[in-house]
Amino acid sequence: MNHIPTVYSPMTSISKPFNGTIFHTHHSSSFPHQFRQHLHSHSITLRHKSIKISAHAVPPLPQNHTVVGFGMTTVDFLATVDGYPKPDDKVRTTSSKVQGGGNAGNALTCAARLGLKPKLISKVADDAQGKSILEELEADCVDTSFIVVSKGGSSTFSYVLVDTQTKTRTSIYTPGDPPLVPDDLSQSMLLSAFDGARLVYFDGMSTETALFVGREAWTQSPSIPSALVSMLLRLPNIKFVIVTLGEDGCLMLERSANEDVGLEERNVESFLELLYKEKDERLAIPTCISSVVTKFRVNGLGTVCGRFFIGTAEKIPDSELIDTTGAGDAFIGAIMYAICSNMAPEIMLPFAAQVAAAKCRALGARTGLPHRTDPRLASFLS
């Protein structure tokens with residue numbers, strides 16, 4: 001079998017053997033901007049165009065647009081409240097919804113709406129919730145034939161409280177029983193699932209793998225920028241790494257194919273300080289700022305030749321921001337589409353941010369996920 005890119009998330013990553021890629025997401029809403037030193041960079045802004053398109057105006061799908069996901073799919077019981085309750089409080093919901101959830105289920109639903117052909121490897125029980133999970137995924141054209149259905153037991157579910165004042169959400173997660181174990185998955189089943197796949201996505205359901213990647217990625221790294229350099233040093237087949245930063249957007253480091261020995265070494269911390277100064281805080285739309293190829297140094301670890309990309313998040317007006325549940329999953333689903341489409345990072349990051357922002361304008365992880373024909377995506381898919 002040919003090597004297939006793999007997407008992994010505890011955190012979350014997309015990795016590919018040889019010339020592969022890795023995508024890593026860390027759900028943080030703050031990022032230190034203490035950097036110092038001059039650099040040469042250029043800024044690319046993708047402006048949202050308010051245009052209407054039909055399905056006929058959308059470009060053809062990527063030649064290979066089959067993806068496989070492994071991980072959690074759930075039922076979410078969502079309720080909006082005017083304020084998170086204090087101990088012993090009773091509060092009234094302002095709205096409620098029962099909807100599918102789970103990292104892998106959400107990301108693949110997003111990928112399906114964008115036009116990909118996703119297959120999901122997961123497990124549910126033969127209870128009412130399991131039936132609901134399967135029906136909702138199938139309605140969005142996610143292939144559920146590789147989902148294990150246990151006799152008896154219970155499917156995974158979550159209670160999600162959305163605070164309409166602080167725009168935050170609190171999730172209470174109950175894992176399904178019995179859990180998915182290796183003996184549930186035959187080799188022939190996996191080979192069939194992987195057949196023709198462009199990439200494979202893991203959402204961190206495997207704790208052992210999550211711990212391994214976490215150790216490899218973050219050992220002795222004093223900051224996020226140095227951690228990205230460390231990941232590329234420790235995992236030499238990785239093409240790029242992305243860290244999501246909530247409302248602060250994301251940061252991506254892409255390895256350069258050709259290492260120029262004549263490049264000046266730059267300290268990664270001080271390099272990024274001025275790159276962040278390129279951000280135009282007046283812009284509400286997602287943008288991307290990229291540096292030139294540089295040799296980045298992390299003291300005590302080594303150097304990597306590559307480019308940094310700063311992706312900004314859309315500044316959603318408070319009146320339009322409904323729920324951030326599943327925003328990271330939407331971002332990942334869009335990244336999967338971008339990889340299949342061979343999008344350049346300058347387009348990929350604002351595109352993924354736009355998809356995530358659309359999701360945040362509705363209650364639940366899936367209600368607001370845009371379809372491929374959504375006018376808000378037209379400028380990225382044309």
Side-chain angles (χ1 to χ4, degrees), residues 1-9 12-23 55 58-73 100 102-124 133-149 180 182-206 209 237-240 242 329-344 347-348 351-352 355 366 369 371-373 377 380-381:
M1 182 191 299
N2 293 331
H3 287 287
I4 303 172
T6 59
V7 182
Y8 171 73
S9 161
T12 298
S13 47
I14 299 171
S15 63
K16 179 178 179 182
F18 305 111
N19 62 341
T21 59
I22 181 167
F23 165 79
V58 178
L61 287 166
Q63 184 175 3
N64 186 350
H65 55 281
T66 298
V67 297
V68 177
F70 171 83
M72 185 169 61
T73 185
N103 301 122
N106 296 339
L108 292 194
T109 297
C110 177
R113 293 190 186 182
L114 294 175
L116 300 186
K117 293 175 61 178
K119 307 174 185 179
L120 178 58
I121 302 171
S122 188
K123 188 172 186 176
V124 299
I133 289 170
L134 296 176
E135 289 177 347
E136 187 171 339
L137 290 169
E138 289 162 0
D140 268 306
C141 299
V142 176
D143 186 343
T144 63
S145 60
F146 302 98
I147 295 180
V148 177
V149 180
L180 183 64
D183 286 345
D184 289 330
L185 308 172
S186 67
Q187 185 178 25
S188 60
M189 173 188 174
L190 293 177
L191 289 175
S192 178
F194 296 151
D195 184 39
R198 175 67 174 82
L199 60 83
V200 180
Y201 160 65
F202 297 88
D203 73 357
M205 192 173 180
S206 170
T209 307
N237 295 325
I238 297 306
K239 183 179 179 182
F240 67 82
I242 301 174
D329 302 328
F331 187 93
I332 293 168
I335 291 291
M336 285 193 277
Y337 178 89
I339 291 175
C340 292
S341 301
N342 297 314
M343 280 188 184
I347 300 175
M348 175 174 71
F351 169 68
V355 170
R366 301 181 187 176
L369 289 175
H371 288 79
R372 182 174 165 76
T373 53
L377 307 182
F380 303 101
L381 300 179

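Please read all numbers here as calculations on a predicted model, not as lab measurements.
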Please determine whether side chain to side chain contact (heavy atoms under 4.5 Å, CB included) holds for the pair Met336 and Leu199, giving the CA-CA distance in whole Å, both sets of side-chain angles, and the decisive distance to 0.1 Å. CA-CA 8 Å; Met336 285 193 277; Leu199 60 83; 3.7 Å; yes
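Every residue meeting the side-chain contact (heavy atoms from CB on, under 4.5 Å) condition with Val149, not counting sequence neighbours, appears here in chain and number order: Val124, Asp126, Leu134. For Ser188, the side-chain contact (heavy atoms from CB on, under 4.5 Å) partners are Ser186, not counting sequence neighbours. Partners of Asp184 by side-chain contact (heavy atoms from CB on, under 4.5 Å), not counting sequence neighbours, listed by chain and number: Lys123, Val148, Leu180, Val181. For the side chain to side chain donor-acceptor pair (under 3.5 Å) test, residues two or more places apart in sequence or in another chain that qualify with Thr144 are Glu138. In this structure, the side-chain contact (heavy atoms from CB on, under 4.5 Å) partners of Glu135, at least two apart in sequence or on a different chain, are Lys131.
Atom CZ of Phe146 is separated from atom CZ of Phe194 by 9.5 Å, given to the nearest 0.5 angstrom. The line from OG1 of Thr73 to CD1 of Ile121 is 13.0 Å long, rounded to the nearest 0.5 Å. Between the CZ atom in Arg198 and the SG atom in Cys340 there is a gap of 5.5 Å [rounded to 0.5 Å]. With rounding to the nearest 0.5 Å, the separation of CD1 in Ile133 from CE in Met72 is 10.0 Å. Atom CE in Met343 sits 5.5 Å away from atom OH in Tyr337 (nearest 0.5 Å).
The one candidate from Ile332, Val68, Ile335 that meets the side-chain contact (heavy atoms from CB on, under 4.5 Å) condition with Tyr201 is Ile332.
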Which atom pairs, donor and acceptor, lie under 3.5 Å between side-chain atoms of residues 106-120 and protein residues at least two apart or in another chain?
{"unit_1": "Asn106", "atom_1": "OD1", "unit_2": "Arg366", "atom_2": "NE", "d": "2.9"}
{"unit_1": "Asn106", "atom_1": "ND2", "unit_2": "Gly102", "atom_2": "O", "d": "3.1"}
{"unit_1": "Asn106", "atom_1": "ND2", "unit_2": "Asp329", "atom_2": "OD2", "d": "2.9"}
{"unit_1": "Thr109", "atom_1": "OG1", "unit_2": "Gly105", "atom_2": "O", "d": "2.7"}
{"unit_1": "Arg113", "atom_1": "NE", "unit_2": "Asp140", "atom_2": "OD1", "d": "3.0"}
{"unit_1": "Arg113", "atom_1": "NH1", "unit_2": "Arg366", "atom_2": "O", "d": "2.8"}
{"unit_1": "Arg113", "atom_1": "NH1", "unit_2": "Leu369", "atom_2": "O", "d": "3.0"}
{"unit_1": "Arg113", "atom_1": "NH2", "unit_2": "Asp140", "atom_2": "OD2", "d": "3.2"}
{"unit_1": "Lys119", "atom_1": "NZ", "unit_2": "Ser192", "atom_2": "O", "d": "3.4"}
{"unit_1": "Lys119", "atom_1": "NZ", "unit_2": "Ala193", "atom_2": "O", "d": "3.1"}
{"unit_1": "Lys119", "atom_1": "NZ", "unit_2": "Asp195", "atom_2": "O", "d": "3.3"}

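Under the 3.5 Å distance criterion, the side-chain polar atoms of Ser122 are matched with a main-chain donor or acceptor of Gly71.
Side-chain atoms of Phe351 and Leu381, non-hydrogen and from C-beta on, do get closer than 4.5 Å to each other.
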